[in-house]
Structures are given as C-alpha cells and as structure tokens.
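Everything below concerns the one structure shown next.
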Amino acid sequence: MFKIAIANNKGGVGKTTSAFNMASYYAKKNFKVLVIDMDSQGNLSDCFISPENINETLYDSFKNKNIKNSIHIIDDSLHIVPADADLERCNFDFVSEIGRETLLKRLLLSVENDYDLCIIDTSPAISLLTLNALSAVDKVYIPLGSGLFEIKGVQLLNEAIENIKNSVNFNLEIGGIFVTNHLATTNLAKNVLDYANNIFENKMLNTVIRRNIQLAESISFKESIFTYKPNSTGADDYASLCEEILSREVIVLG
Ligand SMILES: Nc1ncnc2c1ncn2[C@@H]1O[C@H](COP(=O)(O)OP(=O)(O)OP(=O)(O)O)[C@@H](O)[C@H]1O
Ligand SMILES: [Mg+2]
C-alpha cells in the first residue's frame, strides 16, 4: 500500500478538494483506495458519507487500537476511515503516550495488504495528528494557494517534515507541490507561480489546478468533479494531477 498525505498548515488551500478528487480518480481507475480523514472538521468524510451513516471514526481506531472497525465502504474500490470533532481529543489524550507520533503508522500495518493506495487528508495545523500522518506515509503532496504568504507558510511544514524524517520516518519525502485555485489572468498568480517554481524547483509539479467554481459545487452534492462535471477545467486539472503523480511514483497494484 503506497501512502500519501495531503498537507499544508495554511487553511483553505484545497487539501480536502484534492484528497477527494484524487481518491475518486484513482478508485475510478480500479485502484483499491483507503481514504483517511485526519481533520476533526470532517470535511473529507462529509464528501463521502452523511454523518448519520457514520459509526466508528478514526478517534475510535486510536482509542481501541483497531482501524478495521472504523472502515466504511463507499464502493468496491473506495473505503474511508471518517473523522468527526472527537478526533481533536487525540491531541490531548495521547500526548504523553510513548510512540505517540506513530499511532497511525502502527494501525495501518493491519491493512497494509488490503489496498493499493492510501490517501490521508490533514488539518491546517501541525498537530500531533498531522505528525502522525507524516510518520505513516511514503510521500507528502502539498497544495499551494495562489498568494505569496502561502509560500512562506510551507517553510513550517518543511521543518516538520525534516523532523519526522530525522526521527521516525527516514524515507519520508515531499512527492510534489502544486498550485491550486489559480487565476491565470492575474499578475499576482503569475508571480506566485514563478516564485514557487524558483524556490521549490524540482518539487513543483507541472499541473496547476485552476480556479473552477464547479469544484466547490461538486462537493456540496457529495460528487467528485469527474461525475459532477466531467468536461470542466477542474476535471481536466485533477486528472492531469493524478496522472502526473502516477508518472512519478511506483504504485504496485495488489
Ligand atoms: N480550484 C478551486 N477552484 C475553486 N474553488 C476551490 C478550488 N479548490 C478549492 N476550492 C474551494 O475552496 C475552499 C477551500 O478548499 P478546501 O476545503 O479543499 O481547502 P482545505 O485546504 O482542505 O481547507 P482546510 O485547511 O480548512 O482543511 C472550498 O470551498 C473549496 O470548494
Ligand atoms: Mg480540509
């Protein structure tokens, strides 16, 4: 199971939108995908299931040391471990536990052979939960909003990635950074893209996710952009992103 986290400590940059559409794209391509919502806002869970249909959540997995009971089946190719506000308690409940950064990594061992790909959505904070995501994955993919402040914000995440890499997850790498919500017509957006390409060099992906209101609409209907508006720029951009990631990673199908 190849594991990726979508992370950026800046809020509202398209982490959840990216996790949702990437998971939907790969599932449509018949990858067996496990989605994990590591944000107590539960936004990614809302994309897939209504709260009344949620039984156990990721918080229960941490508490009971069992992830299988929290897996909800969306279809044959797509399963999700949902989150709700309870998840926030992990940042306190497990803070003095030995190995607290690797709780998720250890939970995932029991499903390692059940999926091809695991996609983890994280919260806009470098919390114990986000450190757990970074400890568990092979690669981090970073969506970058279209403002100059956003680029500076990535430095903090970079430090967290380095710390995790030097302690509990030696193989962790940034898989790629991609600009989201891009408005090609503004000078600011063009400058940000040039600046990011200069700073992050080979980490920058070629794909840019353009601003597309249908991406926001589709989520409110609990539909991926690929079923909601398959001919939109949003669908084109997320398909390109997913294909570009496939061209960079070795994902072994089970
Ligand atoms: N390319 C895009 N075009 C238009 N709207 C977008 C695009 N990407 C994301 N959005 C919208 O921007 C808002 C924030 O996106 P999203 O929730 O994916 O960000 P996030 O990084 O997960 O936020 P948070 O940090 O709160 O978890 C949402 O309303 C979403 O629909
Ligand atoms: Mg989010």
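Residue numbers start at 1 and run along the sequence shown. Values in this document were obtained by computation on a predicted structure and should not be read as measured data.
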Side chain to side chain contact (heavy atoms under 4.5 Å, CB included) evaluation trace for Arg248 with Leu205: CA-CA 10 Å; Arg248 292 166 76 102; Leu205 301 185; 3.4 Å; yes
How about [X] and [Y]: do any of their side-chain heavy atoms sit closer than 4.5 Å?
| X | Y | value |
| --- | --- | --- |
| Lys29 | Glu243 | yes |
| Leu34 | Leu108 | yes |
| Ile219 | Thr17 | yes |
| Ile74 | Val35 | no |
| Lys139 | Phe2 | yes |
| Val140 | Thr122 | no |
| Met22 | Ile245 | yes |
| Cys118 | Ile36 | yes |

Testing the basics here: between [X] and [Y], what is the closest heavy-atom pair and its distance to 0.1 Å?
| X | Y | result |
| --- | --- | --- |
| Ala196 | Met204 | O-CG, 3.6 Å |
| Ser77 | Asp75 | N-OD1, 2.9 Å |
| Val81 | Ile71 | CG2-CG1, 3.8 Å |
| Asn132 | Met38 | CB-CE, 4.0 Å |

Positive for side chain to side chain contact (heavy atoms under 4.5 Å, CB included) with Val179, one of Leu193, Ile209, Asn197: Leu193
Parallel, tilted or perpendicular, as decided by the 30° and 60° cut-offs, for the rings of Tyr59 and Phe94: tilted
Criterion side-chain hydrogen bond (donor to acceptor under 3.5 Å, both in side chains) on Ser146 and Asn181, from CA distance to verdict: CA-CA 7 Å; Ser146 297; Asn181 218 348; over 6 Å; no
Let me check something: do [X] and [Y] share a hydrophobic cluster, defined by ILVMFWY side-chain heavy atoms less than 4.5 Å apart, either directly or through other members?
| X | Y | result |
| --- | --- | --- |
| Val33 | Ile120 | no |
| Ile4 | Ile164 | no |
| Leu215 | Tyr26 | yes |
| Leu156 | Ile161 | yes |
| Met1 | Ile119 | no |

Say whether, by atom type as modelled, one donor and one acceptor occur between the side chain of [X] and the main chain of [Y] under 3.5 angstrom.
| X | Y | result |
| --- | --- | --- |
| Asp37 | Ser45 | yes |
| Lys10 | Gly145 | no |
| Asn64 | Asn66 | no |
| Asn169 | Leu134 | yes |
| Asn8 | Ile142 | no |
| Lys222 | Asp46 | yes |
| Asp138 | Lys3 | yes |

Aromatic ring proximity, centroids under 6.0 angstrom, Tyr25 and Phe226: yes
Centroid separation Phe221 to Tyr228 less than 6.0 Å: yes
Check against side chain to side chain contact (heavy atoms under 4.5 Å, CB included), Val111 and Lys68: CA-CA 8 Å; Val111 292; Lys68 290 194 173 173; 3.9 Å; yes
Derivation of the side-chain hydrogen bond (donor to acceptor under 3.5 Å, both in side chains) call for Tyr238 and Thr207: CA-CA 8 Å; Tyr238 272 107; Thr207 305; over 6 Å; no
Chi angles and distances behind the side-chain hydrogen bond (donor to acceptor under 3.5 Å, both in side chains) call for Ser135, Glu101: CA-CA 7 Å; Ser135 301; Glu101 286 99 355; over 6 Å; no
Side-chain ion pair, Arg106 and Glu97, N-O less than 4.0 Å: no
Atom pairs and distances, side-chain donor-acceptor, residues 48-56, under 3.5 Å, sequence neighbours left out:
none

Derivation and outcome, side chain to side chain contact (heavy atoms under 4.5 Å, CB included), residues Lys32 and His79: CA-CA 8 Å; Lys32 234 181 155 227; His79 296 181; 3.8 Å; yes
Asp60/Ser70 under side-chain hydrogen bond (donor to acceptor under 3.5 Å, both in side chains): CA gap, chis, key distance, verdict: CA-CA 7 Å; Asp60 299 298; Ser70 305; 5.3 Å; no
Stepwise side chain to side chain contact (heavy atoms under 4.5 Å, CB included) test for Ser232 and Ile225: CA-CA 8 Å; Ser232 60; Ile225 194 67; 3.4 Å; yes
